[in-house]
Amino acid sequence: LPLAELRREGRDRTHCGNAAFLWAGEDERETLVERLCLDLCADWYESQGVPAKRLGSVRLTSELLRQLNELAAKSDEQVEAAYALRGLPSEPLLRPEECRTRFRRVLLWDLLPFAELYKECQDWSVCLDGVRGADHEQTQELRNRLLVASCGGVYEAQGIPARRLGSLQAAANVEANFKKFKTLGALELRRERARAAWRLFAGDGSRRAGGSVETSLPLDGAAIQRGAQGVLRAAPSLCAA
C-alpha cells in the first residue's frame, strides 16, 4: 500500500495509532506496517499472557513469548540457576513460584520501551529524579532502578544501600567485599584497612606517576602510619573497629 493508505489504515485501527509519533531514526512506513501487523495479532498474544500492546512490536512480542515458554519448560532448579546467572540475588525463603514470577517480570522489563518502563517505575514508586530523555542509557537506567526496587531488599536487609548504589551489580560488589572482609584474620584486615587508607590519602598521585595504588603501595610501617593518619583526619570512620 502507498504511505497515505497505510496512514489511513493506522487511523482506523484502535491500537496501532497513526504513527504521528516516531522514535528517532524510525522509518514511518516500516513503523506503520509493524504496528498494523501487531494490531492484527495483539489479542492472541495478550491471551498468552504477553502484553503486546505495551511492547509495541511484533518482534519484541514474539521474543518475549519465546522466553516465557522456555522459562515455563524449566525445572525449579534450572530456573534458580538462570535467576542467579541473570544477576538476581537469591533469598533463602524465596519460593519457586515467586522466583518464576520475578523472572517473568524481569524478562518483560528487558524488552519494554522507555515510555512503558517509566510507567512501571511510577507503579513501583521508583524515584525518577535525574531521568531525562528516552535514549538507550536512560532506558537502561530505568531498568536498573526497577530491578533494585524489586530485588534490592535482599541487600538492604544486610545494611547495603542498594537504592542509593543504583544497581544490583553495585550492591552485589559491596556484598562480595563484605564477605571477603569477614574471612580475613586480624593482620590481613589491618593491611586491607591500611591499603584503603593509602588510596584515599594518596589520591591519584601514584597513578599519575605511572603506577597503580596497589603496585606502588609502600608497605613499611612508617608509610602506612602516615597514610592511616591522613585518613583518620579526613574520614575517621574508615579505620574504626
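Start at 1 with the first residue, then count along the sequence. From a predicted model like this one, the values you see are computed outputs, not experimental measurements.
Between the side chain of Gln78 and the backbone N or O of Ser75, at least one donor-acceptor pair lies under 3.5 Å. Although no hydrogens or angles enter the test, the distance criterion places a donor-acceptor pair under 3.5 Å between the side chain of Arg143 and the main chain of Leu112. A donor-acceptor pair under 3.5 Å is formed between the side chain of Glu46 and the backbone N or O of Ala52. Side chain of Glu120 to backbone of Glu116: no donor-acceptor contact under 3.5 angstrom is found. Looking only at distances, a side-chain donor or acceptor of Glu156 sits under 3.5 Å from a matching main-chain atom of Arg163. One N or O on the side chain of Arg100 and one on the backbone of Leu71 form a donor-acceptor pair closer than 3.5 Å.
For the pair Pro51/Leu64, a side-chain contact is recorded, criterion being any heavy-atom separation below 4.5 Å from C-beta on.
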Side chain to side chain contact (heavy atoms under 4.5 Å, CB included) between Arg86 and Arg102, intermediate numbers included: CA-CA 12 Å; Arg86 181 61 175 74; Arg102 287 189 184 182; over 6 Å; no

Using the side chain to side chain contact (heavy atoms under 4.5 Å, CB included) rule, take Leu55 and Tyr45 through it: C-alpha gap first, then chi angles, then the decisive distance, then the call. CA-CA 11 Å; Leu55 289 164; Tyr45 279 114; over 6 Å; no

Side chain to side chain contact (heavy atoms under 4.5 Å, CB included) evaluation trace for Leu147 with Leu88: CA-CA 8 Å; Leu147 288 172; Leu88 304 174; 4.0 Å; yes

Side chain to side chain contact (heavy atoms under 4.5 Å, CB included) between Tyr155 and Leu168, intermediate numbers included: CA-CA 9 Å; Tyr155 297 114; Leu168 292 182; 4.0 Å; yes

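A pairwise comparison of heavy atoms in Gly133 and Gln138 identifies O-CB, 3.9 Å as the closest pair. In terms of heavy atoms, Leu68 sits closest to Val50 at CD1-CG2, 4.1 Å. Heavy-atom minimum distance, Leu165 versus Ala171: CD1-CA, 3.7 Å. The heavy-atom pair separating Leu128 from Cys121 by the smallest distance is CD2-CB, 3.6 Å.
Taking the charged nitrogens against the carboxylate oxygens, Glu141 and Arg145 do have a contact shorter than 4.0 Å, which makes a salt bridge. Under 4.0 Å is where a charged nitrogen must lie from a carboxylate oxygen, and between Arg59 and Glu63 no such pair does.
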